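See below for the structure under consideration.
Since this is a predicted model, take the numbers as computed values, not measurements. Lettering follows sequence order; numbering is per chain, from 1.
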Amino acid sequence: MSATKVAKIATHNEGRKLFSSRTATIVVWTITVLWTIPTFGLLVSSIRPKQDIFGSGWWNFFLHPHFTLSNYHAVLFGTGGSSLSGGILPYLMNSIVITIPAVVFPVVIATMAAYSLAWVRFKGSDFLFYAIFALQIVPIQMSLVPLLQLFTGGAHIGSMTIIPKLGIAGKFAGIWLPHTMFALPLAIYLLHNFISALPKDLMEAAYVDGANHFVVFRRIVLPLATPAIAAFSIFQFLWVWNDLLVALTFASGTEEVAPINVKLASLVGQWGSSWEVLCAGAFVTIALPLVVFFSLQRYFVRGLLAGSVK
Amino acid sequence: MNSFLSVNLPKFGQILSALAIFFAILAVIFYIAGKANGRKTKPIATLVLLGPALVLLFAGLVVPAFQTIFFSFKDANSVKFIGLENYTWILHDPNIHQVLINTALWIVITPFATTGLGLLLAIFLDRMKRESIPKSLLFMPMAISFVGASVIWQFVYNFAIPKQPQTGLLSAIVRRFGFTPSNWILTHPLNNFLLMIIFVWVETGFAMVILSAAIKAVPADIVEASALDGAAGWKLFRSITFPMVRSTFIVVLATMVVTSLKLFDIVRTMTGGNFGTSVIANEMYSQVFVRFDQGRGSALAVVLFIFVTPILVFNIRNIRRERSIA
């Protein structure tokens, strides 16, 4: 190929690239703006006075900017009327109380199981691993009713009681436990992928030095598996924080245990009277996941990619 | 404020004590089990490390799944067996027909919408110089719960009676173009599609991020070589880029099918399943917890399970094959 021809193709490509890159930029930014407008509208609404929210669309804010934080004050401290008399803070606390153990428990239990299946091998190790892996096909809906019965009534065969009633329905433990159970198949699968790929020499050197499995687990596996653990933890955090179904089923809607997402969903049903409460409440609800999203985006992506099968 | 503290401090106490008890038990068991030596070392380690997970999986998924299948052959209160009656109800009840049609629409439309749009964005992003800001903003809804997203879109779909100021964005736009807005969420079958838009809004970013990673992984020299051969634009995409990302595309598509099959939150929050918008997962919840018909609810759960299983098996196989190649 002659030099001029190469140069020609090069300029041709340059031209095509330049053009398509400009088109690409315009298309992407147009969609991005469209994608951001709804969230932006909610944010703007949440800082407008009540009568403005009812009286005109949020875009009028830019013509008549009246700014107020009273909606947030009303939502947080419960001065906003009957639909939210105690404020949303108790529910926010409940979400935190639900989420932390519901992330820590499955992560620890799954890491232990994954290490055991990968490195403390016995005849059925592989079979068990695939069986656990296959449990991902069971939708949560299949477990709701039987689990709720287990929590309220225990388990019986005939008149014989196998498991006494646990009495944890409507308590935090009654939400931590289902979240832990439902998280395990995916968590064990992901962590097993990672932990089984740790260097064999390292493990064997530790065993030769006299370390038992528990020491190896704490001193070698846990620190080395941190990236996988972090990725799964973020996925699980989002899953639990944003969950509606498990919380609706296992937490009553009360101020004592219901998470903020459940409260927000119930506020939607009473709109009209509580528009201003709704928009500020929604922002309080999505604030923490958004902070996690923007500050830990790289790990967030990893967690989502890893957890996409759930 | 004081009453607030008196209510919520004990809650934090619950976190701390739950975590403390959990780790204390683990520490004690690890310590005792670590003392074992000789032939028993390995079985004990297996029992301690694997046991908790197996017990939880057994009690939380395996046994309940069989119980639900069992319940689906019994009546509302799980008292007597009624054979396949709950399933014939699903096949013959006109309300459930609407539910099944809606679910079918969801699993056909939303996966293609999210994955297709995600692919388009991924391709265009690849050509852009500064892609990080739009990428973040497009991906952001993924961090928002479906409930939060529903509230956000309430402000778009809000409708006020004519002559009142329209505070909903959609109504205002429609009026600007000289049409009369209708009460969107009550308008069947349009409302189904409006709910799907919320799902697409949340999930497109996910499809985009995964497909974007796949496109970036296409070797640059292959693209350059075919560009030298004269392939460009659509042709380049059809003959080179798409075949290279096809398997990822199918994985994302199948993931979206499963997600939309299990979809519950948007329908529950926006309409509660009323106005002809219910889907299987929502109907299952309504049957069990609103109408207290455990038999029918369980049968719907089983239907969901039957639909989800082949897609998930297919998807997991694909993911594993891709991993083994990579």
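Looking at Asp265(B), its side chain never comes within 3.5 Å of a backbone N or O of Asp243(A) through a donor-acceptor pair.
Heavy atoms of Trp241(A) lying under 4.5 Å from chain B are absent altogether. For Ala149(B), no part lies near chain A; criterion is any non-hydrogen pair under 4.5 Å. Residue Ala36(B) does not touch chain A at all, counting heavy-atom pairs closer than 4.5 Å. Both the backbone and the side chain of Met140(B) come within less than 4.5 Å of a heavy atom of chain A.
Annotation: side chain of Leu137(B) is not in contact with side chain of Trp35(A) (no heavy-atom distance under 4.5 Å). Between Gln297(A) and Ser136(B) the shortest side-chain heavy-atom distance falls below 4.5 Å. Between Val108(A) and Phe22(B) the shortest side-chain heavy-atom distance falls below 4.5 Å. Looking at Met93(A) and Phe12(B), their side chains come closer than 4.5 Å, going by heavy atoms from C-beta outward. Using a 4.5 Å heavy-atom threshold, the side chains of Lys11(B) and Glu256(A) count as separate. In this structure, the side chains of Trp201(B) and Pro38(A) come closer than 4.5 Å at one or more pairs of heavy atoms. A heavy-atom distance below 4.5 Å is not found between the side chains of Val63(B) and Pro146(A). For the pair Leu26(B)/Met112(A), a side-chain contact is recorded, criterion being any heavy-atom separation below 4.5 Å from C-beta on.
Contact between Asn242(A) and Ala143(B) at its shortest, heavy atoms only, is ND2-O, 3.2 Å. Between Gly148(B) and Ile286(A), the shortest heavy-atom distance links the atoms CA-CG2, 4.2 Å. Nearest heavy-atom pair, Gln154(B) versus Val268(A), reported as atom, atom and distance to 0.1 Å: NE2-CG1, 2.9 Å. Listed here is the closest heavy atom pair of Ile15(B) and Ile96(A): CD1-O, 4.1 Å.
Between the OG1 atom in Thr68(B) and the CG atom in Leu144(A) there is a gap of 8.0 Å [rounded to 0.5 Å]. The line from CD1 of Ile100(A) to CD of Gln14(B) is 12.5 Å long, rounded to the nearest 0.5 Å.
For Phe214(A) and Tyr31(B), the ring centers are positioned 6.0 Å apart or more.
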